[in-house]
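Structure record follows, encoded as C-alpha cells.
Values reported hereafter were calculated over all heavy atoms of this structure, with side chains retained and with hydrogens, waters and symmetry mates removed. Counting begins at 1 with the first residue of the sequence.
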Amino acid sequence: MANAKIRLPEKAHKGEIIEIRALVQHAMESGFRLDELGRKIPRHIINTFVCTYNGNEIFRATLHPAVAANPYLAFFVVASVSGEIVCTWNDDRGGVVMEKASLVVLE
C-alpha cells in the first residue's frame with residue numbers, strides 16, 4: 001500500500017466536536033475486472049479501517065470491493081483530552097498502513 005493522510009484540527013476546545021478525514025492511496029482492485037488478455041485481475045482491497053484516540057477505538061469501517069480507489073472516510077469525535085489519533089488501514093493481502101496525528105485539547 002502507499003501514502004495515507006489524516007486531517008484534523010491541531011487544537012480544539014474540550015467538548016468540541018471535530019472532524020477527522022482519512023485518505024489512503026490504494027487501487028482497490030475488486031477481483032471482477034479482466035486484464036488485456038481476458039484473465040481475471042486478482043482482488044486487492046483495503047478491508048478494514050480503524051481509528052483510535054489515545055488507544056481507544058473511536059471508529060471502525062469494513063470496506064468491500066465496491067469501494068472506489070483511494071478510499072476517503074470522514075467522521076466526527078468529541079475532543080476530550082489531548083492525545084494521539086492513529087488511523088490504520090489493512091488490506092486483504094496483509095498490507096498495513098498507519099498514520100498518526102496529535103490533538104491538543106484546550107480547557
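The nearest pair of heavy atoms linking Glu29 to Ile41 is CG-CG2, 3.3 Å. Of all heavy-atom pairs between Ala69 and Ala27, the closest is CB-O, 3.5 Å. In terms of heavy atoms, Ile85 sits closest to Cys51 at CG2-SG, 3.6 Å. Taking each heavy atom of Ile45 and His64 in turn, the nearest pair found is CD1-C, 3.8 Å. Taking each heavy atom of Leu8 and Ala101 in turn, the nearest pair found is CD2-CB, 3.5 Å. Closest approach of Glu57 to Val50, counting heavy atoms only: OE1-CG1, 3.8 Å.
Every residue two or more places apart in sequence or in another chain was checked for a side chain to side chain donor-acceptor pair (under 3.5 Å) with Asn70, and none qualifies.
Connection of Val86 to Phe49 is not established within any shared hydrophobic cluster, with ILVMFWY side chains joined at heavy-atom distances below 4.5 Å, either directly or through further cluster members. No single ILVMFWY cluster, assembled from side-chain heavy atoms under 4.5 Å apart, contains both Leu23 and Leu73. Under the 4.5 Å side-chain heavy-atom criterion for grouping Ile, Leu, Val, Met, Phe, Trp and Tyr, Val105 is connected to Ile6 within one hydrophobic cluster.
Between Ser82 atom OG and Asn54 atom CG the span is 8.5 Å, to the nearest 0.5 Å. Annotation: the span from Ile46 atom CD1 to His26 atom NE2 amounts to 4.5 Å, rounded to 0.5 Å. Atoms CZ and CD, on Phe76 and Glu16 in that order, are 11.5 Å from each other to the nearest 0.5 Å. In this structure, CZ in Phe75 is found 9.0 Å from CD1 in Ile18, a value given to the nearest 0.5 Å. Atom CH2 of Trp89 and atom CD of Gln25 lie 11.0 Å apart (nearest 0.5 Å). Leu103 contributes atom CG, which lies 11.0 Å from atom NZ of Lys11 (distance to the nearest 0.5 angstrom).
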Next on the checklist: Determine whether Cys87 and Phe59 satisfy the following criterion, side chain to side chain contact (heavy atoms under 4.5 Å, CB included), listing intermediate values before the conclusion.
Outcome noted: CA-CA 9 Å; Cys87 294; Phe59 186 85; over 6 Å; no
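Tyr53 places a side-chain N or O within donor-acceptor distance of the main-chain N or O of Val81, the cut-off being under 3.5 Å.
Exactly one residue among Thr88, Val96, Asn90, Asp91 makes a side chain to side chain contact (heavy atoms under 4.5 Å, CB included) with Thr48. That residue is Asn90.
Crowding of Ile17 atom CD1: a count of heavy atoms from other residues, nucleotides or ligands under 6.0 Å not exceeding 12. Within a 6.0 Å radius of CZ in Arg93, other residues, nucleotides and ligands contribute more than 12 heavy atoms. At most 12 heavy atoms of other shown residues, nucleotides or ligands fall within 6.0 angstrom of atom CD in Glu10.
Side-chain polar atoms of Asp92 and His44 form no donor-acceptor pair below 3.5 angstrom.
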